[in-house]
Asker: 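I'd like to ask you about the structure that follows.
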Amino acid sequence: LGYVMSGSRHRRMNAVRIRKENQVYSAEEKRALAMYNFEEKANRESMLVGELRELLEKRQKAIASAVGDGTTLNDRFSSIGEQKKFL
């Protein structure tokens, strides 16, 4: 049949078990929160990069129109490699 623990030992074992369960849940919650924060940060960064790209495009067009030839840097070079050499 098996041995029966005394009452105080039974309570102590239950308390340890509950503490361990709470540690596991808190670790899972921390992992989920970290993943959520990572995704939010990635979304913010991608939006910022998009806005900066648009701003850069507008500036390039404004500079091209001020210079007078009307060509932007993207139009001037046939490949990105050539463009990077000069920038």
Side-chain angles (χ1 to χ4, degrees):
L1 210 50
Y3 296 102
V4 177
M5 287 190 289
S6 67
S8 63
R9 198 159 165 221
H10 189 70
R11 275 194 303 268
R12 192 167 54 210
M13 293 290 280
N14 277 342
V16 167
R17 182 182 49 79
I18 289 171
R19 272 200 308 271
K20 289 289 186 185
E21 285 177 1
N22 289 338
Q23 285 177 353
V24 169
Y25 290 144
S26 65
E28 289 174 355
E29 290 169 355
K30 283 180 188 176
R31 197 175 308 120
L33 183 62
M35 190 60 163
Y36 175 77
N37 288 337
F38 176 78
E39 290 172 354
E40 286 294 314
K41 184 178 177 184
N43 287 339
R44 282 194 306 268
E45 285 179 357
S46 67
M47 288 178 59
L48 183 63
V49 167
E51 290 173 2
L52 290 173
R53 230 178 264 271
E54 290 174 9
L55 179 66
L56 182 62
E57 228 172 83
K58 288 179 186 176
R59 292 277 173 105
Q60 283 181 345
K61 287 180 182 177
I63 290 171
S65 65
V67 169
D69 59 0
T71 59
T72 62
L73 288 176
N74 292 334
D75 299 335
R76 205 170 282 168
F77 298 104
S78 60
S79 74
I80 302 257
E82 286 183 31
Q83 183 178 351
K84 286 182 179 178
K85 283 184 203 171
F86 291 100
L87 293 179

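Hydrogens, waters and symmetry mates are skipped; everything else that's a heavy atom, side chains included, is used.
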Asker: Hey, is Glu21 close enough to Arg17 for a salt bridge, meaning N to O under 4.0 Å?
Answerer: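 Salt bridge flag = yes for Arg17 with Glu21.
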Asker: Which value, rounded to the nearest 0.5 Å, describes the distance between Leu52 atom CG and Arg59 atom CZ?
Answerer: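 It comes to 11.0 Å.
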Asker: So do the side chains of Leu48 and Arg44 get within less than 4.5 Å of each other, counting heavy atoms only?
Answerer: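 Sidechains of Arg44 and Leu48: no contact.
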Asker: Donor-acceptor pairs under 3.5 Å, side chain of residues 23-33 to any protein atom, not counting sequence neighbours: which ones?
Answerer:
residue	atom	partner	partner atom	Å
Ser26	OG	Asn22	O	3.2
Ser26	OG	Gln23	O	2.9

